[in-house]
Amino acid sequence: TIESKGMEQISQKPKPFSCSIHSGETICRISKEPNAKQIGFCVECIMELDKAQKGALLSVENVIENAIKNESSKKEIRIDSPPPSSFLATLDQESEMLSKLSNHILTQKEQVCSKFKEVQDEINQ
């Protein structure tokens, strides 16, 4: 499954990302706030935060694990109830309905061509 593959991948170390503020430091925590000014935090960045701000951070591994769980749960969504009978009836009649629509379009096209020819004849007289 996706989740087991994802967990195997997370057991390997994720690719390290460098901190844009402290060169040479590696990102080890991610902000829970998607609109935060700073998303990735290295050890130096974390030391500069107060206790409340530190509580709003997740480890890189937790972020990856949550993303894998979220993605795998999306793949397992199933609809157990059958579709409405009116929907099935419509699908059964699809070719007939398309044929009727095609005939209607052709009829309308002929009428438009006929009217256009009448207008053209009047202009030419």
Side-chain angles (χ1 to χ4, degrees):
T1 65
I2 292 174
E3 190 170 345
S4 63
K5 287 179 185 175
M7 293 305 175
E8 289 171 13
Q9 289 175 352
I10 199 169
S11 65
Q12 303 168 5
K13 284 288 185 183
K15 175 184 172 185
F17 292 95
S18 298
C19 179
S20 60
I21 298 171
H22 302 100
S23 60
E25 293 291 327
T26 303
I27 299 296
C28 60
R29 299 270 188 247
I30 306 291
S31 175
K32 292 180 188 177
E33 298 296 323
N35 297 326
K37 290 180 183 177
Q38 184 178 353
I39 302 294
F41 294 83
C42 68
V43 174
E44 295 291 327
C45 292
I46 295 170
M47 289 174 35
E48 295 171 3
L49 298 175
D50 62 37
K51 191 173 183 176
Q53 291 173 316
K54 289 178 186 177
L57 302 178
L58 291 172
S59 69
V60 173
E61 290 81 9
N62 283 347
V63 171
I64 294 171
E65 188 176 308
N66 290 341
I68 291 169
K69 285 179 184 177
N70 186 28
E71 187 62 30
S72 66
S73 68
K74 288 180 185 176
K75 303 278 184 201
E76 295 175 8
I77 294 175
R78 292 193 174 105
I79 300 173
D80 294 329
S81 61
S85 58
S86 60
F87 180 71
L88 292 174
T90 302
L91 289 177
D92 287 341
Q93 298 171 357
E94 180 180 17
S95 61
E96 181 184 339
M97 293 169 68
L98 286 173
S99 176
K100 287 181 180 179
L101 179 62
S102 295
N103 289 336
H104 178 73
I105 290 172
L106 289 174
T107 304
Q108 293 297 312
K109 181 180 174 183
E110 289 171 4
Q111 288 178 0
V112 168
C113 287
S114 174
K115 293 291 181 185
F116 182 75
K117 186 167 172 77
E118 288 176 18
V119 170
Q120 192 176 26
D121 289 342
E122 284 186 27
I123 292 174
N124 290 334
Q125 290 180 0

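Linking ILVMFWY side-chain heavy atoms closer than 4.5 Å, directly or via other members, places Ile39 and Ile46 in two distinct hydrophobic clusters. In this structure, Val63 is a member of the same hydrophobic cluster as Ile68, with clusters built from ILVMFWY side-chain heavy atoms closer than 4.5 Å.
Summarising the hydrophobic clusters (Ile, Leu, Val, Met, Phe, Trp, Tyr; side-chain heavy atoms under 4.5 Å, direct or chained), the residues clustered with Leu101 are Ile105. Other members of the hydrophobic cluster containing Met47, listed by chain and number, are Val43; membership follows side-chain contacts under 4.5 Å among ILVMFWY residues, whether direct or relayed.
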Return all side-chain donor-acceptor pairs below 3.5 angstrom for residues 106-122, not counting sequence neighbours, or 'none' if the list is empty.
residue: Thr107; atom: OG1; partner: Asn103; partner atom: O; Å: 2.9

Side-chain donor-acceptor pairs under 3.5 Å in residues 17-30, sequence neighbours left out?
residue: His22; atom: NE2; partner: Glu48; partner atom: OE2; Å: 3.3

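With sequence neighbours left out, Gln53 forms a side-chain contact (heavy atoms from CB on, under 4.5 Å) with Leu49, Asp50.
Put simply, the side chain of Ser102 gets close to the backbone of Leu98: a donor and an acceptor are under 3.5 Å apart.
Applying the side chain to side chain donor-acceptor pair (under 3.5 Å) test to pairs two or more places apart or on separate chains, none has a residue in residues 30-42.
Within 6.0 Å of NZ on Lys100 lie no more than 12 heavy atoms contributed by other residues, nucleotides or ligands.
Taking CG from Leu88 and CD from Gln93, the interatomic distance works out to 11.0 Å, rounded to the nearest 0.5 Å.
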